[in-house]
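Here is the naming used below: chain letters follow the sequence lines, and residue numbers restart at 1 for every chain.
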Number of protein chains: 2
Amino acid sequence: MPLIPRLRQLSTFALLVPCFALAAPPSAPNGIELPSGYKDWRVIAPSHREDNKTLRVILGNDVAIKAARAGDTHPWPEGSILAKLVWKDGSHAAWPSATVPAEFVHAEFMIKDSARFKDTGGWGFARWKGLDQVPHGSDASFVNECFGCHQPVREDDYVFTHPARLP
Amino acid sequence: MPLIPRLRQLSTFALLVPCFALAAPPSAPNGIELPSGYKDWRVIAPSHREDNKTLRVILGNDVAIKAARAGDTHPWPEGSILAKLVWKDGSHAAWPSATVPAEFVHAEFMIKDSARFKDTGGWGFARWKGLDQVPHGSDASFVNECFGCHQPVREDDYVFTHPARLP
């Protein structure tokens, strides 16, 4: 191949690689897409699970934050999305009695859409694992695991998180 | 007084009361004003201090978030503001091995302005306590307590928080 067409071919390839690198992660097996921009959402509460040694921050989209701040979460309004960011427990070299985030475990989501997710309390569940954001679950039945675990808080619209008090 | 002017007087009073209620909290004794809008800032990391039984979320203003995500925190850039929101440990009735936020303790701030705060590592420290947001400290010397406690992380620009990894 002459030089110019070969360079053109190479430059097309060079343009495509970053596009693939920026592509959204695959959807969850139940069809839920990773909510865009969730890392920029505002805080509802932190938590620390000492059974599985993980630190968490629960964020909300604008609908959820408005509801959380107004105390309007029984039930959470349609369109609410809760994002739970989870890290393994780590220790702080300069403050040994503090637990701080170590490796990133996963981002979990609850999406309130009562019509679409009527079989799971009006919430769609999904999880993307690790820094590579790999969808959790081999098929759509993975939501039984999520919904089962949330049964103890059925009276709180299936949500464990109580919005943290703020001034 | 005739009825109409008296009603006017009452309605003026009724308008003034909510204005006072919405006034900003007093400045800290070192002159730092409570940064506006901090509850809407984005997350840098959670943490859990098991010595004094508190859960924390560390937020950053736009300058700090940009630096945290770029790994550009040695030193943190001028204009960075870190906000640490602190709650007493609480337990979750439906998940006893989880620690969740109970009462709000205080909001603490570190403001990077190397010229203004040259005596304390380039950082201005301030704290507002409780839901009433009462400034901490009886005079400007309270910063010695803050800066003293941050000495172990002098090599990390006096900041304990390492930005949590995110996808």
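Contacts between residues 156-167 of chain B and chain A, defined by a heavy-atom separation under 4.5 Å, are made by B/F160, B/H162, B/A164, B/R165, B/L166, B/P167. Interface residues of residues 27-35 of chain B toward chain A, defined by a heavy-atom distance below 4.5 Å: none. Contacts with chain A (heavy atom to heavy atom, under 4.5 Å) involve these residues of residues 43-52 of chain B, listed by number: B/V43, B/A45, B/P46, B/S47, B/H48, B/R49, B/E50, B/D51. Near-neighbour residues of residues 106-142 of chain B relative to chain A, defined by a heavy atom under 4.5 Å from a heavy atom of that chain, comprise B/G130, B/L131, B/Q133.
Each of B/G90, B/P25, B/A94, B/A102 has some count of heavy-atom pairs under 4.5 Å with chain A, and the biggest count is that of B/A94. Between chain A and the residues B/W41, B/W87, B/F104, the most heavy-atom pairs under 4.5 angstrom are made by B/W87. With chain B as partner, the option from A/D40, A/L85, A/V100, A/T54 having the largest number of non-hydrogen pairs under 4.5 angstrom is A/D40.
Neither the backbone nor the side chain of B/I65 comes within less than 4.5 Å of any heavy atom of chain A. Of the two parts of A/R56, only the backbone, made up of N, CA, C and O, holds a non-hydrogen atom closer than 4.5 Å to a non-hydrogen atom of chain B.
Under the 4.5 Å side-chain contact rule for hydrophobic residues, B/I58 and A/V57 do not share a cluster.
For the atom pair CG (B/L55) and OG1 (A/T99), the distance works out to 9.5 Å, reported to the nearest 0.5 Å.
Residues A/V153 and B/H92 are in side-chain contact: their nearest non-hydrogen atoms beyond the backbone lie under 4.5 Å apart.
Within 6.0 Å of NZ on A/K88 lie more than 12 heavy atoms contributed by other residues, nucleotides or ligands. Counting heavy-atom neighbours within 6.0 Å of B/Q151 CD, excluding the residue itself, gives a total above 12.
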message = side chain to side chain contact (heavy atoms under 4.5 Å, CB included) for B/R42 and A/R42? Distances and angles first, verdict last.
response = CA-CA 6 Å; B/R42 289 171 283 173; A/R42 291 171 282 174; over 6 Å; no

